[in-house]
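Throughout, numbering of the chain's residues begins at 1 and tracks the sequence. Below, each value reflects all heavy atoms present in this structure, side chains not excepted, and no hydrogens, waters or symmetry copies.
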Amino acid sequence: PELLLAAPDGEADIEIAEGCVPDLAEKDPNHIRAYVEGEPGELRLDIPGKLRMRIANGSRITYSRYPGVEDRELRLFLLGSGMGALLMQRGHMVVHGNAIVLDAMDGAAICVGDSGAGKSTTAIAMMQRGFPILADDVCPITTDGLALSGMPRAKLWQSTADNLRIDTSSLEQLRADDAKFNLPLGSAHCPQGRKARAFFALVPEEVETVSVTPLSGTASFLALRNNIYRADYLRPLGLEAEYLKQVATLAAETPFFRISRPANGFDIDAVLDAIFEAAESVGAPR
């Protein structure tokens, strides 16, 4: 249900189906190959206690669930880790972040950062102010810098909902043991890809006020490289060298800003103001 409907007479270009997915070859729990293995064109994942997946040729995900796993949790992994691997196989660079459409730049602002940095809070707060969300959490970018549209939903933590005064009583909880919800975007979702115009790294720190620092050169390259989605998939897929080229090109061509914010307390208005001011400095392309 998180996916967009295709045209009635259109053919599906991604197939997700239950089937036989064998155990991975190596089962050393301290080794990454206990969970990830593959080769160019195919990736096999074993998420302990949840499901096994085989992602092939950028077009098919076959899964086998472990006993007792609910559909909602199954979908969380299929549309996250599974879809991320599939997008990599299609040649896209996948970033762990949120993409928001900003008219001031005639394109997308992409917010990245560690878990808890405030990516989803920032994106949903922008949505409340009338800015469309292009993608949440899994953000694919083509080789020519186009940020593609993701699924028309955002992942919403209860703490974020409380801060932004969003009622979660009617929302589906993503996992039984997490206070995290599926927030349908509706008309706030942008279905067309937009050029990636700027990156914003959100960094909670021991500071008193929000500040903005432009990054360039090695700093922007490392900031982008460190926010690649599921980087451990790259080696088995044979994509490490290609990804480094894509990261270097995008980091060199796209403005990158570091948004420092107080670790204690989240002044979302100050964060948004900092992003808007930086976006104005980038401006729309001429």
Side-chain angles (χ1 to χ4, degrees), residues 1-6 12-21 23-24 35-36 43-56 59-88 94-99 114-125 127-128 133-140 148-191 229-230 232-233:
E2 291 90 344
L3 299 175
L4 291 168
L5 291 174
D13 80 332
I14 296 174
E15 186 175 353
I16 302 174
E18 192 165 14
C20 179
V21 182
D23 285 341
L24 303 194
Y35 311 105
V36 181
L43 193 75
R44 295 174 294 280
L45 306 177
D46 188 338
I47 300 171
K50 304 302 180 183
L51 77 161
R52 295 191 297 271
M53 283 185 276
R54 175 179 176 267
I55 303 101
S59 62
R60 181 179 174 88
I61 301 175
T62 306
Y63 68 91
S64 176
R65 80 173 87 197
Y66 283 92
V69 177
E70 298 179 339
D71 284 352
R72 60 178 175 174
E73 192 165 18
L74 187 77
R75 298 199 308 269
L76 183 65
F77 291 107
L78 288 170
L79 300 179
S81 299
M83 195 66 74
L86 185 144
L87 291 164
M88 289 178 178
V94 186
V95 176
H96 188 202
N98 301 67
D114 294 338
S115 179
K119 300 185 297 295
S120 293
T121 302
T122 300
I124 295 169
M127 180 190 74
Q128 290 180 323
I133 293 180
L134 187 68
D136 172 73
D137 195 44
V138 180
C139 184
L148 299 179
S149 179
M151 284 167 282
R153 62 99 176 94
K155 296 175 183 177
L156 176 68
W157 286 101
Q158 183 63 58
S159 57
T160 297
D162 294 340
N163 289 336
L164 299 179
R165 299 180 181 178
I166 297 173
D167 182 7
T168 61
S169 60
S170 63
L171 300 180
E172 181 186 40
Q173 195 168 340
L174 290 174
R175 302 172 70 172
D177 53 352
D178 279 343
K180 199 172 189 178
F181 300 87
N182 188 46
L183 178 67
L185 298 178
S187 60
H189 178 249
C190 177
Y229 187 81
R230 302 291 190 261
D232 52 333
Y233 297 175

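Shown here are the ring pair (Phe, Tyr, Trp, His ring centres under 6.0 Å) partners of F77, two or more places apart in sequence or in another chain: there are none. For the salt bridge (charged side-chain N to carboxylate O under 4.0 Å, His left out) test, no residue two or more places apart in sequence or in another chain qualifies with K180. In this structure T122 satisfies the side-chain hydrogen bond (donor to acceptor under 3.5 Å, both in side chains) test with no other residue, sequence neighbours excluded. Take R153 and apply the side-chain hydrogen bond (donor to acceptor under 3.5 Å, both in side chains) test, not counting sequence neighbours, and it matches no residue. Residues that satisfy the side-chain hydrogen bond (donor to acceptor under 3.5 Å, both in side chains) test with R75, not counting sequence neighbours, are E2, E172.
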For L78 and L51, run side chain to side chain contact (heavy atoms under 4.5 Å, CB included): C-alpha distance rounded to whole Å, both residues' side-chain angles, the deciding distance at 0.1 Å, then the answer. CA-CA 9 Å; L78 288 170; L51 77 161; 4.0 Å; yes
Any chance you could lay out the side chain to side chain contact (heavy atoms under 4.5 Å, CB included) test for M83 and I14, step after step, and finish with the verdict? CA-CA 10 Å; M83 195 66 74; I14 296 174; 3.9 Å; yes
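Residue L134 holds its CG atom at 7.5 Å from CG of L148, rounded to the nearest 0.5 Å. The NE2 atom of H96 sits 9.5 Å away from atom CG of D114, with the distance rounded to the nearest 0.5 Å. Rounding to the nearest 0.5 Å places CH2 of W157 at 15.0 Å from CG of L164. Separation of atoms OG (S81) and CG (L45) is listed at 6.5 Å; rounding is to 0.5 Å. In this structure, D136 CG and L156 CG are separated by 9.5 Å, a value rounded to the nearest 0.5 Å. Expressed to the nearest 0.5 Å, how far CD of Q158 lies from CG of L171 amounts to 9.0 Å.
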Only distances under 3.5 Å count here; give the side-chain donor-acceptor pairs of residues 182-191 to other protein atoms, sequence neighbours excluded, each with its distance to 0.1 Å.
from: H189; atom 1: NE2; to: S149; atom 2: OG; distance (Å): 3.1
from: H189; atom 1: NE2; to: G150; atom 2: O; distance (Å): 2.9

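Between I61 and L86, some side-chain heavy-atom pair lies under the 4.5 Å cut-off. Under the 4.5 Å side-chain criterion, counting only non-hydrogen atoms from C-beta, R230 is in contact with D232. Counting heavy atoms from C-beta on, the side chains of M151 and L3 come closer than 4.5 Å.
Proximity of a side-chain donor or acceptor of Y229 to a complementary backbone N or O of G80 within less than 3.5 Å is detected. The backbone N or O of S59 sits nowhere less than 3.5 Å from a side-chain atom of E15 that would complete a donor-acceptor pair.
Closest of all the heavy-atom pairs between A99 and C139 is CB-SG, 3.8 Å. Across A85 and L43, no two heavy atoms sit closer than the pair CB-CD2, 3.7 Å.
No option in R52, R54, M53, K50 other than M53 meets the side-chain contact (heavy atoms from CB on, under 4.5 Å) test with Y63.
Under 4.0 Å is where a charged nitrogen must lie from a carboxylate oxygen, and between R65 and D71 at least one such pair does.
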